[in-house]
Amino acid sequence: MPELPEVEREVRQLRPAMEGARFERVVIRRRRLRTLLPLRFASRLEGTTVRALRRRGKYLVADLSSEATLVMHLGMSGSFDIRSTAPASFAKHDHVIFHMSSGTTVVFNDPRRFGSMWLHDDHSRTPILGLGPEPLDEAFTAEALATAFRRKRAPLKSALLDQRVVAGLGNIYVSEALHRARLSPARAAETLVSPSGAPRSGLRTLVRAIRETLNDALADRPRGGDDFRVYDREGRRCPRRGCRGTIKRIVQSGRSTFFCPVCQR
DNA sequence: GTAAACCTGGCA
DNA sequence: TGCCAGGTTTAC
C-alpha cells in the first residue's frame with residue numbers, strides 16, 4: 001500500500017517506536033530483497049540510535065546517531081509491523097526485524113520483495129537524491145512543474161509517475177488527481193506549458209488537484225475499498241456532478257489508468 | 001518513449 | 001490456468 005499518503009502514515013506509526021530508540025538487535029531473515037542487503041547491514045545498525053524518522057517521496061529515511069542514514073522503500077507489498085512484545089515466531093515474508101531499545105519490535109514484511117533498504121555513510125548515491133519536489137511542499141508550484149513538463153511529449157500519466165518530476169505519486173493517485181483536474185491521462189505533458197515556458201491554467205489546476213488528492217488521502221483512515229473516484233472503477237458512472245460519463249480503463253506503459261473520457265480532456 | 005524484469009498471492 | 005496487483009530499474 002505504498003504511495004505518499006500510505007508511506008506517511010507508516011512513518012507516523014513508526015516514530016514512537018523508533019525515534020530516540022536504539023537498535024539493540026537486527027535480524028535479517030532474507031538478504032535478497034529488491035537489492036541485496038550488505039553482509040554487515042545488521043552489525044552496522046546495532047548500537048546506533050534513530051535521531052529522526054522522516055519521509056521523502058515514497059522512501060522512509062532514518063537519520064542515525066552514527067551519521068549514517070537508513071533508507072527504506074516498501075515496493076508494492078511491503079509493510080512494517082510494530083509489536084510490543086518480541087514475537088515468538090515469524091511469518092513467511094518477515095524479512096528484517098528491528099529489536100528497539102524502546103521495547104518494541106519492528107518487523108518488515110514484504111511478500112513480493114520489491115521493497116528494500118539501504119544504509120549510507122555518506123549522502124552520495126542515495127536513491128532519494130534524484131527525487132523531484134515534495135508535492136505538499138511550497139516548492140511544488142505550477143512554475144516548477146512547467147520546467148519539468150516543457151517539451152515533454154510523454155503522456156501526463158507517465159510524466160507524473162516519474163519520481164524525478166514529483167516525488168510520491170503512484171498509479172492510484174495519479175489517476176485520482178488527473179480526474180480531479182479534469183485532464184486526460186493521455187494528453188502530452190508539454191501541452192500544459194506555453195511556448196514561453198509559462199504554466200497554462202490547466203497546470204495550475206493540476207497542482208491544486210494533486211495537493212487536494214493527497215491531503216484528502218492523508219486525512220482519511222486507511223484505504224477501505226470504495227475510496228476512489230476512478231481508480232479500479234472501470235464501467236462505473238463518473239462521480240463528477242452532472243457528468244454522464246463512464247469510467248474507462250486503458251493501459252499506459254504497462255500499467256492500468258482509469259479515467260472519464262467525457263470530462264477529462 | 002515502451003516492454004520486460006524482479007517476486008508472490010489473489011481472484012475470475 | 002492466466003491475469004492482475006499501489007514500484008523501480010534495465011534493456012530494446
Side-chain angles (χ1 to χ4, degrees), chain A residues 1-11 29-37 55-61 71-80 90-96 107-118 125-132 135 148-180 185-191 210 213-214 216-218 220-235 247-259:
Chain A
M1 19 178 264
E3 296 184 35
L4 185 152
E6 293 76 29
V7 177
E8 178 64 29
R9 190 169 287 119
E10 202 71 82
V11 163
R29 300 183 73 237
R30 189 190 277 269
R31 195 170 294 282
R32 184 91 230 164
L33 303 180
R34 181 159 67 76
T35 58
L36 190 65
L37 299 188
R55 180 191 57 72
R56 178 74 174 92
K58 298 172 195 169
Y59 292 86
L60 300 92
V61 182
V71 178
M72 299 168 278
H73 196 286
L74 299 172
M76 287 278 238
S77 57
S79 64
F80 286 98
F90 294 107
K92 194 172 177 185
H93 301 293
D94 290 346
H95 303 311
V96 180
V107 180
F108 176 67
N109 180 285
D110 184 5
R112 292 179 73 180
R113 275 181 276 145
F114 288 172
S116 205
M117 300 189 184
W118 300 264
R125 298 174 53 87
T126 301
I128 62 175
L129 264 188
L131 294 179
F149 278 5
R150 198 168 184 192
R151 287 188 279 273
K152 205 175 183 87
R153 301 270 188 87
L156 283 173
K157 171 74 186 312
S158 33
L160 291 173
L161 280 179
D162 186 343
Q163 302 297 297
R164 297 168 302 184
V165 169
V166 53
L169 293 179
N171 209 39
I172 291 181
Y173 294 115
V174 167
S175 278
E176 295 293 290
L178 286 172
H179 179 266
R180 201 186 276 246
R187 183 166 165 172
E190 62 181 0
T191 64
I210 289 170
T213 300
L214 295 175
D216 281 4
L218 279 168
D220 275 341
R221 291 168 303 110
R223 310 260 67 80
D226 276 352
D227 295 341
F228 304 120
R229 303 187 181 199
V230 293
Y231 182 80
D232 205 18
R233 294 177 77 83
E234 183 182 22
I247 304 307
K248 263 190 75 178
R249 171 186 180 269
I250 59 172
V251 175
Q252 293 178 291
S253 46
R255 318 209 47 199
S256 288
T257 302
F258 299 88
F259 74 111

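Predicted model, so just to flag it, every value in this text is computed and none were measured. In what follows, chains are A, B, ... by sequence order, proteins preceding strands, each numbered from 1.
- A/F114 qualifies as a stacking partner of the B/dC6 base, centre to centre under 5.5 Å and near-parallel within 30°.
- Looking at A/R112, its side chain comes within 3.5 Å of the base of C/dA5 through a donor and an acceptor atom.
- Qualifying side chain to side chain donor-acceptor pair (under 3.5 Å) partners for A/R187, counting only residues two or more places apart in sequence or in other chains: A/T191.
- Among residues two or more places apart in sequence or in another chain, the ring pair (Phe, Tyr, Trp, His ring centres under 6.0 Å) test is passed with A/F80 by A/F108.
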Distances under 3.5 Å between protein N/O atoms and the N/O atoms of nucleotides 10-12 of chain B, please, pair by pair.
none

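- A/H93 has no side-chain polar atom (N or O) that falls below the 4.0 Å cut-off from OP1 or OP2 of B/dC7.
- The side chain to side chain donor-acceptor pair (under 3.5 Å) search around A/R55 returns A/E8, A/E134, not counting sequence neighbours.
- The side chain of A/K58 has C/dG7 as its nearest neighbour among C/dG7, B/dG9, C/dG6.
- Among the nucleotides B/dG9, B/dC7, C/dG6, the one closest to any side-chain atom of A/R113 is B/dC7.
- Partners of A/R255 according to the side chain to side chain donor-acceptor pair (under 3.5 Å) rule, which considers only residues two or more places apart in sequence or in another chain, do not exist here.
- Near DNA chain B, defined here as any heavy-atom distance below 4.0 Å, the residues from residues 148-164 of chain A are A/R153, A/A154, listed numerically.
- With sequence neighbours left out, the salt bridge (charged side-chain N to carboxylate O under 4.0 Å, His left out) criterion links A/R32 to no other residue.
- The closest side-chain heavy-atom distance from A/L214 to A/L169 is below 4.5 Å.
- Using modelled atom types, one finds a donor on one side chain and an acceptor on the other under 3.5 Å when comparing A/S77 with A/D110.
- For A/F149, there are no ring pair (Phe, Tyr, Trp, His ring centres under 6.0 Å) partners at least two apart in sequence or on another chain.
- Remark: A/T257 pairs with A/K157, A/Q252 by the side chain to side chain donor-acceptor pair (under 3.5 Å) rule, at least two apart or across chains.
- Of the candidate nucleotides C/dG7, B/dC7, B/dG9, B/dG9 has the atom nearest to the side chain of A/K92.
- By the ring pair (Phe, Tyr, Trp, His ring centres under 6.0 Å) test, A/H95 pairs with no residue at all, sequence neighbours left out.
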Reading 5' to 3' and counting Watson-Crick or G-U wobble pairs with both distances under 3.5 Å, write the dot-bracket notation for DNA chain B, | for bases paired outside the strand. ||||||.|||||
Are there any protein N/O atoms within less than 3.5 Å of an N/O atom in nucleotides 9-12 of chain C, and if so, which ones and at what distance?
none

